[in-house]
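Input: a single structure, listed below in structure tokens.
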Amino acid sequence: MKRTKIEFFEGFADLVKALPKPGAFLLVEDVEGRRNVMTIGWATLGVVWSEPVLEVLVRPSRHTFGLMQKAERFSINVPLGKLQKRLAFCGSRSGRETDKIEACGLRLLPGLTRGVWVIDGCDLYYECEIVHKTLVVKENLDRKIVRQYYPGDDFHTIYAGRVLESYRG
Ligand SMILES: Cc1cc2nc3c(=O)[nH]c(=O)nc-3n(C[C@H](O)[C@H](O)[C@H](O)COP(=O)(O)O)c2cc1C
């Protein structure tokens, strides 16, 4: 795969265009070597602690959550105008029951960072190292958002990833 490195902010418009639908792939391998892919629709990209940071939100009910809790790094893989059926599949099936990487025929390639994997065939990539995690706190959140997005109290954990590499595929 061809990889053209970019500044972390250069793909921002494309990232935001992919969100919230059809989304992007979050791929994680935990410290025990378990891998999973899930579709994300929400993310932020910016500067925190004077560093480029990409934040993703994962609900505790996701299989991915257990892996993220035991992971040091993750990748965000953004297809632009393609792989939409696979995004829908990875956003509706759980890695608890299905090996989505195999079922979707996703080809994983080693990232530029040790311990990070990426999905072949995407257009934009971020390799991230988890530097902070925090729960969305019901009491601190706009009540309308609580009602709309958390009827089941399934409050996301926000994972902040230092962007180590960003490139176009
Ligand atoms: C377009 C789209 C965006 C999604 N965004 C998120 C998200 O940002 N955070 C989240 O926790 N779940 C999100 N989901 C739901 C998960 O992808 C879905 O529950 C998935 O089956 C979880 O897989 P897992 O159990 O293997 O982790 C999204 C689903 C779709 C279709």
Side-chain angles (χ1 to χ4, degrees), residues 11-46 48 53-108 115-119 121-138 140-142 144-163 166:
F12 183 72
D14 283 334
L15 173 68
V16 173
K17 238 180 274 165
L19 309 177
K21 263 187 181 174
F25 296 110
L26 163 62
L27 177 61
V28 60
E29 179 180 90
D30 73 4
V31 290
E32 289 161 15
R34 297 184 303 162
R35 277 182 215 155
N36 193 41
V37 60
M38 85 165 216
T39 302
I40 59 157
W42 296 351
T44 64
L45 181 65
V48 191
V53 166
L54 194 161
E55 290 182 327
V56 293
L57 290 83
V58 180
R59 293 186 193 265
S61 54
R62 314 302 187 217
H63 180 60
T64 301
F65 175 79
L67 276 66
M68 288 292 280
Q69 288 294 90
K70 289 187 172 180
E72 293 171 355
R73 289 169 278 269
F74 63 87
S75 71
I76 298 299
N77 306 253
V78 190
L80 297 172
K82 58 188 185 189
L83 303 184
Q84 294 188 1
K85 280 193 180 151
R86 290 174 206 193
L87 282 167
F89 187 90
C90 293
S92 55
R93 303 285 282 266
S94 179
R96 271 187 212 100
E97 292 93 35
T98 310
D99 181 340
K100 292 185 269 187
I101 296 167
E102 197 187 302
C104 288
L106 298 175
R107 186 164 159 250
L108 301 195
V116 177
W117 292 87
V118 297
I119 299 170
C122 293
D123 297 289
L124 180 62
Y125 296 90
Y126 300 92
E127 299 184 9
C128 302
E129 177 183 27
I130 298 171
V131 291
H132 183 243
K133 47 187 150 181
T134 188
L135 251 179
V136 171
V137 179
K138 182 178 185 177
N140 297 347
L141 187 60
D142 180 283
K144 198 169 149 239
I145 296 178
V146 172
R147 277 199 302 276
Q148 185 171 354
Y149 290 105
Y150 301 100
D153 274 5
D154 195 10
F155 288 92
H156 291 93
T157 289
I158 305 174
Y159 296 90
R162 173 189 290 132
V163 180
S166 44

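Note that the numbering runs from 1 along the sequence shown for the chain. Atoms within each ligand, like the ligands themselves, are counted from 1 in listed order. All figures in this text were calculated on a predicted structure; none of them were measured in a lab.
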- Query: Given side chains that start at C-beta, do those of Gln69 and Tyr159 come closer than 4.5 Å, heavy atoms only?
  - Reply: yes

- Polar contact flag for Leu57 and ligand 1 (N/O pairs, less than 3.5 Å): yes

- Item | Which residue and heavy atom of the protein sit nearest atom 2 (C) of ligand 1, plus the separation | Thr39 CG2, 3.7 Å

- Query: Relative to the ring of Phe155, is the ring of Tyr150 parallel (under 30°), tilted (30 to 60°) or perpendicular (over 60°)?
  - Reply: parallel

- Run the numbers for me: atoms of ligand 1, each under 4.0 Å from some heavy atom of Lys100, listed by number. 23 (O), 24 (P), 26 (O)

- Give, for atom CD1 of Ile145 and atom NZ of Lys138, the distance between the pair rounded to the nearest 0.5 Å. 14.0 Å

- Item | Atom indices of ligand 1 within 4.0 angstrom of Asn36 heavy atoms, with elements | 24 (P), 26 (O), 27 (O)

- Task: Decide whether an N or O pair under 3.5 Å exists between Pro20 and ligand 1.
- Result: no

- Hey, does Ile40 have a side-chain heavy atom less than 4.5 Å from the side chain of Trp42? no

- Item | Distance filter under 4.0 Å to Val58 heavy atoms, resulting ligand 1 atoms | 11 (O)

- About how many Å separate CD of Glu127 and CD1 of Ile76, when rounded to the nearest 0.5 Å? 11.5 Å

- Are any of the N or O atoms of Arg62 closer than 3.5 Å to those of ligand 1? yes

- Query: Rounded to the nearest 0.5 Å, what separation is found between the OG1 atom of Thr134 and the NE2 atom of His156?
  - Reply: 13.5 Å

- Task: Evaluate side-chain contact (heavy atoms from CB on, under 4.5 Å) for Arg35 paired with Ile101, printing each intermediate quantity in order.
- Result: CA-CA 9 Å; Arg35 277 182 215 155; Ile101 296 167; 4.1 Å; yes

- Query: Should you measure from each heavy atom of Pro22, which atoms of ligand 1 turn up under 4.0 Å away?
  - Reply: 1 (C)

- Query: What protein heavy atom is closest to atom 10 (C) of ligand 1, reported as residue, atom name and distance in Å?
  - Reply: Met38 CE, 3.2 Å

- Message: Need the ligand 1 atom indices (1-based, order shown) with element for anything under 4.0 Å from a heavy-atom of Ser92.
- Response: 21 (O)

- Query: Hey, which atoms in ligand 1 end up nearer than 4.0 Å to a heavy atom of Ser94?
  - Reply: 24 (P), 25 (O), 26 (O)

- Looking at CZ of Arg86 and CZ of Phe25, how far apart are the two atoms once the value is rounded to the nearest 0.5 Å? 7.5 Å

- Counting from 1, what ligand 1 atoms have a heavy atom of His63 closer than 4.0 Å? 24 (P), 25 (O), 26 (O), 27 (O)

- Report yes if the side chains of Ile158 and Leu57 come closer than 4.5 Å at any heavy-atom pair, otherwise no. yes

- Item | CG-OH distance between Leu27 and Tyr125, expressed to the nearest 0.5 angstrom | 10.5 Å

- Could you tell me the residue and atom name of the protein heavy atom closest to atom 18 (C) of ligand 1, and the distance to it rounded to 0.1 Å? Gly91 O, 3.2 Å

- Is ligand 1 less than 4.0 angstrom away from at least one heavy atom of Gly41? yes

- Report, in ascending order of atom number, the atoms of ligand 1 lying under 4.0 Å from any heavy atom of Cys90. 17 (O), 20 (C), 21 (O)

- Val16 versus Leu45: any side-chain heavy-atom pair under 4.5 Å? no

- Protein heavy atom at shortest distance from atom 27 (O) of ligand 1: Thr64 OG1, 2.6 Å

- For atom 21 (O) of ligand 1, closest protein heavy-atom neighbour: Arg93 O, 2.8 Å

